[in-house]
Each structure stands twice: as C-alpha cells, then as structure tokens.
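Below is one structure, written out as structure tokens; the observations come after it.
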2 protein chains.
Amino acid sequence: MERTKADPRVLRTRKLIMDSFIELSSKKEFKDITVKDITEEAMINRATFYYHFEDIYDLLEKVLTEVLSINLDYERYINSQLDEETISNIFIAITDFQKSLSHRCHRGYEDTIARIIREQLEMIFYKLLLKERPNDHEDGLKMAAVMLSWGIYGASVEWRRSSENQSPEDFMKQGIPYILSGLK
Amino acid sequence: MERTKADPRVLRTRKLIMDSFIELSSKKEFKDITVKDITEEAMINRATFYYHFEDIYDLLEKVLTEVLSINLDYERYINSQLDEETISNIFIAITDFQKSLSHRCHRGYEDTIARIIREQLEMIFYKLLLKERPNDHEDGLKMAAVMLSWGIYGASVEWRRSSENQSPEDFMKQGIPYILSGLK
DNA sequence: GAGAGTCTGTTGGATATACAACACTTTTGA
DNA sequence: TCAAAAGTGTTGTATATCCAACAGACTCTC
C-alpha cells in the first residue's frame, strides 16, 4: 500500500473513496460510518480499500489533510512574504476549516484534527521561511515553523472559545505584531 | 472483448467512456471526435477503449442503443396490452429520441440510427406480442414485430417530414386503427 | 452465556486496466 | 509535393482491482 501517485487507476480509486467518505460524512456521524458503507457508495471492492488505506482512521486523516490543504492553498503564497496579510489569510483558512468541520460530527477526534492542522501549518511556514531566509540554519527555521504553527493553532482555539462574533481578521490583528517582531 | 456484464470495473469503464462520448457530442460534431478525445475525457487508457469497443462507430451504435432503450423504457409496458395507448407512448418516445438527435450532428449516420430504432422496436413488439399471444407460432409473431417496427419507424419519418407542428399523439391516432385491426 | 448477524482486516488467484512500443493511415501546413 | 504531426488499431508485460473465503472481534437477543 501507499505506492506511486501516477497510475490513473490509483488516482481514480482514491478519489472515489474520498468523495464517498465526504458524501457519507454529510449524512452520518463518523462513528456510524463503516468501511462497507464507503466501498459500496464508491462502487469499489472492500479489499481495494485496504490496498490504499490502513483503516478508516487513516482515511479520515488523509481526507482531512486533503481538504485542509485545498483550503490553505499554499500555491497562493509562493510569491508572498511572510507578512501580516499572509498570516491573516492562513488564519482565516484555518478558522474556515474548523467551521466546516463543526457541522460534521467528529467528536473524539479533536486531537487528530489539531495535529493535522499543525502539521500543515508547520510545512507551510517552513517553506515560506526557507524561501525568505535561505542562509539561516535549517534547524532554526524548523523550530520557528513549529512555534508558529502552535501559535496560530492556539489562536484559532482561543478565537473559537471566546470571540466567534469577532471576525478572524480583526482577532488576528492583535497577535500578529508579536509574531512578526519575533521573526525580525 | 464483449464478456461478462458483472465486473464492476467493466461497468465503470464503459460508463466513463459512454458519458464522455455523450459529453463531447454536445460540443463537437461526431466526425470531429477522436478516440483519443474520448479516452482523455474519460481518463482511461486508449488501449482499454479497444478492449470494449471495436471502434468509434461501434461506440456510437452502443450509445445510441443505450439512450434509446432508456427513452423507450420497456419495463413500463410489462403489464400493458399492445393497445392504442402503448403504441402512442412508443411513438412519442421515438420522436423524442429523434428530436434529441437533431440537436447533435450525426450527418451521414441516418441509416445507422434508423436501424437501431427499428431493432429496438422489433424487440419490444416481439416481447409484447409473445406475452399477449403465447400460443401463436414464433415465426408469425416475429414477422408481425418486424412489420410493426417498420411501420412505426416509417410513421416517425413521415411525421418529421410533413407535420412537426402536429403533436405526435394526434398524428399517430390516424394510423393506429389500421395497425390494431391488422392484429386482431 | 450461547448463538446469529455484522464488521474488520487479510489472503491467493483471476482478470481488467495501464503503459510503452509498434506499423500503418490520414491530416496538416509550408 | 513532401515531411511532420496526429490518429488508429494491436501487442506483451506489469500491476491495480475484483472476488470469494477466512478467522477474529463486536453487538444483539433470547
């Protein structure tokens, strides 16, 4: 399992499975969705599911990663600085993602979701930092990316907890100066 | 080629190919559609196309048969008599089918289309007759089905030639008594 | 707590699909 | 008119998918 990405059969099958899972998620809670449900909806054999995913939790993780990655749309920032606007956009993408999940029911998987968000953030920040400071030491940049990802994630938790009425942009503005000054 | 209908891979692939062909037909004339176009749209390998269809004309024929068969919806008549209403419904399905084709461009394939229509009609009429007169001789019923199919097809040609303003129902009413009296 | 039913994860063998390469024909356009 | 490009149809090999069957885990019900 987990081989080449190129074979069209593989792409097709994975898309069928993921789309079916997303479709089912809009009708049932995660805990009530079985592998059989998914493969029947996707019209693929159950054995084929296990060729691509370890189990249903692996699928959940990959679907969430995929959806979040589309939300974040890294390509957008390829030519941007790690400035106030970029951070604000990333923050908005995160809060949007969390809002979209709150409609579905993933109770009990908050920690998985949190980890996925942080992993994606870390990767994006690392790429941006590397582009911006190619001469810095890798380990330092990695550590900065880790801290940024935790910081932004924490901010999103705080935003949901206390101030959903405030726009994410305004909320984030309060914290950004501290983040940016730490990076100077 | 042309094996079992049961394998889900086969059903999936054929549907992908047929849907792609229908989609392309709404954008281009038939003569401008290549096998490569179809397989790229369907995201299947070109060699796989030839596993299922002899060539693009074979595909055209099978797609038309499929579409017409859905239009005719034989199941509807399973419990009906071969009466005025049934014949009228069948006639309407045929004229609808021909109208839907007139938007697409199949110039040069009118004879193919005519044959497909007659084959489908013949099959339906044979089934209906067999159910209605199980004691008659098979060959006689087959001949009756052949004549009915040619008759109905001819009527649809005449309808298109002379009186598209008249509703197919009204048009058909004129001929039905002759058909039914022949069957008594 | 025993039995029936459903779900999971795995396996071996059968088959459909992908791919690359080929010779051939048709179209294109300079 | 010629050469390059594009399309057709075929083949051999690799691999993804299907299928049937299995053992084990889990619910549910009596």
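When reading the values below, keep in mind they use all heavy atoms of this one structure, side chains included, and skip hydrogens, waters and symmetry mates. Each chain gets a letter, A, B and so on, in the order the sequences are listed, and its residues count up from 1.
- Heavy atoms of Ile44(B) sit under 4.0 angstrom from primed sugar atoms or phosphate atoms, though from no base atom.
- One interatomic measurement links the two molecules: NE2 of His52(A) to P of dT15(D), which rounds to 15 Å at whole-angstrom precision.
- Shown here is Lys15(B), whose NZ atom has no more than 12 heavy atoms of other residues, nucleotides or ligands within 6.0 Å.
- Between the NZ atom of Lys15(B) and the P atom of dT17(C) there is a distance of 15 Å, given to the nearest Å.
- Both Leu130(A) and Ile90(A) are members of a single hydrophobic cluster when ILVMFWY side chains are connected at heavy-atom separations under 4.5 Å.
- At whole-Å resolution of the value, OH in Tyr50(A) and P in dG9(C) are 4 Å apart.
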In dot-bracket notation, what is the pairing pattern of DNA chain D, taking Watson-Crick (N1-N3 plus N6-O4 or O6-N4) and G-U wobble (N1-O2 and O6-N3) contacts under 3.5 Å, with [ ] crossing and | for other strands?
||||||||||||||||||||||||||||||
Atom pairs, N/O to N/O, protein against nucleotides 20-24 of chain D, distance under 3.5 Å?
none

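- In this structure, the nucleotide among dA18(C), dT8(D), dC18(D) sitting nearest to the side chain of Thr48(A) is dC18(D).
- Atom pair Asp32(B):CG and dT27(C):P shows a separation of 11 Å (rounding to whole Å applied).
- Between Asp7(A) atom CG and dT17(C) atom C1' there is a gap of 8 Å when expressed in whole angstrom units.
- Dense packing is recorded around CD of Glu132(B), with more than 12 heavy atoms of other residues, nucleotides or ligands lying under 6.0 Å away.
- Atom CG in Leu11(A) sits roughly 9 Å away from atom P in dC19(C) (whole-Å rounding).
- Summary of the strand contacts: Met43(A) and Asp55(B) both lie near DNA chain D, and taking for each the nucleotide with the nearest heavy atom, the more 5' one is attributed to Asp55(B).
- A salt bridge does not link Lys142(A) with Asp139(A): every distance from a Lys NZ or Arg NE/NH1/NH2 to an Asp or Glu carboxylate oxygen is 4.0 Å or more.
- In this structure, Arg12(A) and Phe49(A) both approach DNA chain C, and ranking their closest nucleotides by distance from the 5' end singles out Phe49(A).
- Annotation: side chain of Val35(A) is in contact with side chain of Arg46(A) (closest heavy-atom distance under 4.5 Å).
- Taking the six-membered ring for Trp and thresholds of 30 and 60 degrees, Tyr57(B) and Tyr109(B) have ring planes inclined between 30 and 60 degrees apart.
- Counting heavy atoms of neighbouring residues, nucleotides and ligands inside a 6.0 Å radius, atom OH of Tyr74(A) exceeds 12 of them.
- Remark: Glu66(B) does not engage Lys62(B) in a salt bridge, criterion side-chain N to carboxylate O under 4.0 Å.
- The salt bridge (charged side-chain N to carboxylate O under 4.0 Å, His left out) analysis of residues 118-128 of chain B, with sequence neighbours excluded, yields the pairs Arg115(B)-Glu119(B).
- Separating the CG atom of Leu16(B) from the P atom of dA16(C) is a distance of 16 Å, rounded to the nearest angstrom.
- Atom-to-atom, CZ of Arg9(A) to C1' of dT15(C) comes out at 11 Å; the value is rounded to the nearest Å.
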